[in-house]
Amino acid sequence: MAKEEGRAETSNGNLQVDGAGGGDAQQSKPRLDGSICGFESLHHLLRSSLEPELFKEVSRLLLGLNCGKQLDTIALPESATSLSSKHDFHLQAYGFHADMESLREPRIVRCGLIQNSIAASTSAPVLDQRRALFQKLKPVIDSAGASGVNILCLQEAWTMPFGFCTREKRWCEFAEPADGESTQFLQDFAQKYNMVIISPILERDVVHGETVWNTAVVIGNHGNIIGKHRKNHIPRVGDFNESTYYMEGNTGHPVFETEFGKIAVNICYGRHHPLNWLAFGLNGAEIVFNPSATVGELSEPMWPIEARNAAIANSYFVGSINRVGTETFPNAFTSGDGKPEHNDFGHFYGSSHFSAPDASCTPSLSRYKNGLLVADLDLNLCRQLKDKWCFRMTARYELYAEMLANYLKPDFQPQIVSDPLLHKKLA
């Protein structure tokens with residue numbers, strides 16, 4: 001991991017000297033590989049382009065401070081970093097601290113996020129595509145295990161390409177039961193590394209009419225299935241034609257109590273709904289993972305904002321994961337938005353990161369490389385920020401409940417107070 005100013009981090013964690021000054025970055029043209037003017041991330045671009053003191057101040061404004069300091073980087077064991085070098089995936093690690101307390105020891109949980117591109121052609125047989133992803137992720141999961149990760153989260157629908165843009169029903173073949181092949185594949189890692197693993201898949205509910213759901217399966221650190229959560233909010237925007245395959249979930253806002261802390265999963269589009277974040281917090285979540293699949297043209301300006309806002313407003317940690325790469329499909333498609341037919345969804349821009357309740361966050365992973373982000377989270381920070389800002393105490397839940405109850409009535413009328421002079425003028 002990079003620890004020196006004026007240097008950039010390669011995808012495998014090695015240091016390389018970037019071009020000095022901002023001129024090189026400004027003159028570079030945007031690249032088709034998904035980089036930002038040749039840089040893996042905005043963080044790397046700024047570090048290369050700014051003088052150290054200026055970069056430090058810009059980082060303070062963009063990433064915040066944790067307990068009054070920049071985040072510490074964590075040295076990972078050689079057994080983890082060597083896998084990064086050998087298999088060419090981005091590896092970063094940071095630590096979030098909390099203030100020392102008199103009555104509670106630090107509650108440090110090591111979490112990991114994996115972002116990746118697909119591993120085979122989208123026209124290959126289903127089993128070939130899925131098992132190619134198994135082989136691709138195996139060394140990354142092993143690196144997480146070697147790093148001592150306690151809770152690991154994969155990206156949305158990690159076992160398949162995000163083919164829901166096409167509206168072709170063939171992608172339903174990737175659906176599997178919650179205890180299916182991908183869960184069995186991960187259960188071995190969970191047992192081996194004493195690690196909770198969140199596995200977002202396309203689920204087929206064989207008991208209820210073989211219905212398909214967008215689901216996150218939570219695998220316990222003993223290899224058992226703790227439970228599952230189904231995606232609450234389904235997008236109908238641009239190429240996100242997901243309601244062709246599955247509808248809104250029916251599992252509410254569950255929080256899973258694990259050996260390492262209370263966790264929840266807000267799948268992808270749910271991050272655009274503040275009340276969705278709120279509900280997980282009211283149910284006691286300390287870490288909420290947001291496995292996603294989203295493209296640059298649609299959502300990238302929102303990406304570093306929404307999860308961070310949720311972490312602040314709800315006094316918990318958020319782990320945001322997005323896949324990487326451009327996935328091309330055999331048949332061209334349109335989405336009723338006036339754009340010409342096309343064969344790809346756009347660029348999935350990665351940029352996975354952690355956000356903390358004190359408004360600090362990690363630098364993002366690469367915008368185009370496979371990667372593993374590791375972070376130590378001191379869960380004591382959640383209560384400390386609740387005590388500091390008193391958001392729970394000062395919230396007016398009774399007012400919100402009344403407003404929402406009235407809004408759901410057919411005869412609802414908005415509470416609008418009009419200027420009486422406005423009506424006289426119109427008359």
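All figures in this text were calculated on a predicted structure; none of them were measured in a lab.
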- Message: Under 6.0 Å between ring centres: does that hold for His43 and Phe39?
- Response: no

- Can the ring centres of Phe240 and Phe164 be said to be less than 6.0 Å apart? no

- Task: Give a yes/no verdict on a cation-pi contact between Lys169 and Tyr245, requiring under 6.0 Å between NZ or CZ and the six-membered ring centre and an angle within 45° of the axis.
- Result: yes

- Task: Tell me, with the steps shown, if Trp277 and Asn309 meet side chain to side chain contact (heavy atoms under 4.5 Å, CB included).
- Result: CA-CA 10 Å; Trp277 292 110; Asn309 283 351; over 6 Å; no

- Item | side chain to side chain contact (heavy atoms under 4.5 Å, CB included) partners of Glu259, counting only residues at least two apart | Asn194, Asn221, His222

- Taking atom types as modelled and ignoring hydrogens, do the side chains of Asn290 and Asn266 form a donor-acceptor contact shorter than 3.5 angstrom? no

- Query: Is it true that Arg130 and Glu173 make a salt bridge, defined as a side-chain N closer than 4.0 Å to a carboxylate O?
  - Reply: no

- Task: Determine whether the side chains of His353 and Thr362 contain a donor N or O and an acceptor N or O closer than 3.5 Å.
- Result: no

- Item | Other residues, nucleotides, ligands: >12 heavy atoms within 6.0 Å of Lys262 NZ | no

- For the residue pair His342 and Phe329, is the inter-centroid distance of their aromatic rings smaller than 6.0 Å? no

- Query: Thinking salt bridges, do Glu176 and Arg204 make one under a 4.0 Å N-O criterion?
  - Reply: no

- Query: Within the side chain of Asp358, is there an N or O that forms a donor-acceptor pair under 3.5 Å with the backbone of Leu381?
  - Reply: no

- Message: Using 0.5 Å steps for rounding, measure from the NE2 atom of His97 to the CG atom of Asp376.
- Response: 8.0 Å

- Tyr94-Asn66 side chain donor-acceptor pair, cut-off 3.5 Å: no

- With sequence neighbours excluded, what pairs up with Lys228 under the salt bridge (charged side-chain N to carboxylate O under 4.0 Å, His left out) test? Glu203

- Query: Are Arg396 and Glu398 ion-paired here, with the side-chain N under 4.0 Å from a carboxylate O?
  - Reply: yes

- Please check if any side-chain donor atom of Lys369 sits under 3.5 Å from a side-chain acceptor atom of Ser117, or the reverse. no

- Message: Under a plain distance cut-off of 3.5 Å, with no hydrogens placed, do Ser299 and Tyr349 share a side-chain donor-acceptor pair?
- Response: yes

- Message: I'd like to know if Glu248 pairs up with Arg230 as an ion pair, taking the criterion as any Lys NZ or Arg NE/NH1/NH2 lying under 4.0 Å from an Asp or Glu carboxylate oxygen.
- Response: no

- Message: With a sphere of 6.0 Å drawn around OH of Tyr397, does it hold more than 12 non-hydrogen atoms of other residues, nucleotides or ligands?
- Response: yes

- Item | Donor-acceptor contact present, side-chain Asn314 to main-chain Ala310, <3.5 Å | yes

- Message: Donor-acceptor check, side chain of Asn232 to backbone of Gly252, threshold 3.5 angstrom: yes or no?
- Response: yes

- May I ask you to decide if Ser352's main-chain N or O and Gln115's side chain share a donor-acceptor pair within less than 3.5 Å? yes

- Would you kindly say whether Ser320 and Trp303 are connected by a side-chain donor-acceptor distance under 3.5 Å? no

- Whether Gln187 side chain and Gly223 backbone form a donor-acceptor pair below 3.5 Å: yes

